[in-house]
Amino acid sequence: MSLKNKLIALSSLLTLSVSFASFAAYSPLTPHTAEYQVNYGSIELGKARYILNAPQDNLYHYRFDSDVSLLLLSDRRTVTSDFSLQDNQLHPLRYIHRRSGTGSDFQEQAAFAKGQQAVHSRYKDERAKLPYTETLYDPLMVQLQFRMEMAEGKQHLNFKMVKEGEIDEYDFNVVSKERLNIESGSYETVKIEVVRNSKKRQTFFWMAPELGYLPVRLTHFERGSKQLDIKLLNYKFDKGPMAGIAESAAQPADAEAAQALMEEVEEDLTKDLGQGLSENNP
């Protein structure tokens, strides 16, 4: 694999991965900002940032930005996800992923049209229409659903998500509890492993229960060599303890407003993405 393709692949992994049963001082849905240092082995590549805003009428907005470079190569990404919460389950509405830098720029979009029981996806120049299910996620907001399920005490997790015009499935296992010491501090964490058929590629990450299972570190190995190392630099929670899930149980008036907004978003999103899909997918 060329150096350029390796940088792009590592940036994609960063987007997806950074990415479980005791008392947490904050919930995963507490509005927060988290910044990470991204390394290729011991070489600093750049930084990445996650921002979860406070919900408006039970509509959430999650954002990821990264800017990494190696020698003359660069990779910049902005990813956003809009979703709602119902009965402790997140439901995606809109996903947008923009990439620029060395090599070809691209954009990926997905609109989750519950009313149509379909997901309209556009990746680069390819369009797809996929079946909608209640347990289908996008690659960004699935991280929050992951954290919520870890807070429930699950030891094995399985998620399906729309990625690059297809539905991908991922499995995760809880490995152990560890005290993790990095430059930004010392954290009590739970270590998680991405389940794969081969040990040639291994990915581990550590999450801090007291921070709403915020990822503290992620490492990715290929053939035993560390390729990607992401560590938490700083974080900020905008509200007090246990904000987020407990506060998002909408009252009837709020629920009606949220439903109206979601229908409006769904109609707006699918208007553009749905054009031409019937011709490509009869």
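All residue numbers in this chain count up from 1 along the given sequence. The analysis underlying the following values was restricted to heavy atoms, covering all of them including side chains, and did not include hydrogens, waters or symmetry mates.
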Determine whether the aromatic ring centres of residues [Y] and [X] are separated by less than 6.0 angstrom.
X	Y	value
F204	H220	no
Y26	F237	yes
F146	F205	yes

Looking at [Y], is its backbone amide N or carbonyl O close enough to the side chain of [X] to form a donor-acceptor pair, meaning the two atoms are under 3.5 Å apart?
X	Y	answer
Y36	V216	no
Q117	K114	yes
E222	R201	no

Original post:
Taking the six-membered ring for Trp, are F106 and Y123 parallel (under 30°), tilted (30 to 60°) or perpendicular (over 60°)?
Top reply: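 Answer is perpendicular, since the angle exceeds 60°.
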
Original post:
Would E152 and N88 satisfy side-chain hydrogen bond (donor to acceptor under 3.5 Å, both in side chains), going step by step from the backbone distance to the final call?
Top reply: CA-CA 10 Å; E152 295 174 358; N88 215 33; 2.8 Å; yes

Subject >> Sole residue of D138, V142, L144 in side chain to side chain contact (heavy atoms under 4.5 Å, CB included) with L140 >> reply: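 So, applying the side chain to side chain contact (heavy atoms under 4.5 Å, CB included) to L140 and each of D138, V142, L144, only D138 qualifies.
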
Any carboxylate oxygen within less than 4.0 angstrom of a Lys/Arg side-chain nitrogen, looking at [X] and [Y]?
X	Y	value
K160	D168	no
D105	R98	no
E183	K231	yes

**OP:** Give a yes or no on whether L180 and L218 share a hydrophobic cluster (residues Ile, Leu, Val, Met, Phe, Trp, Tyr; joining criterion: side-chain heavy atoms under 4.5 Å apart).
**Re:**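 They do share one cluster, since a chain of ILVMFWY contacts under 4.5 Å joins L180 to L218.
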
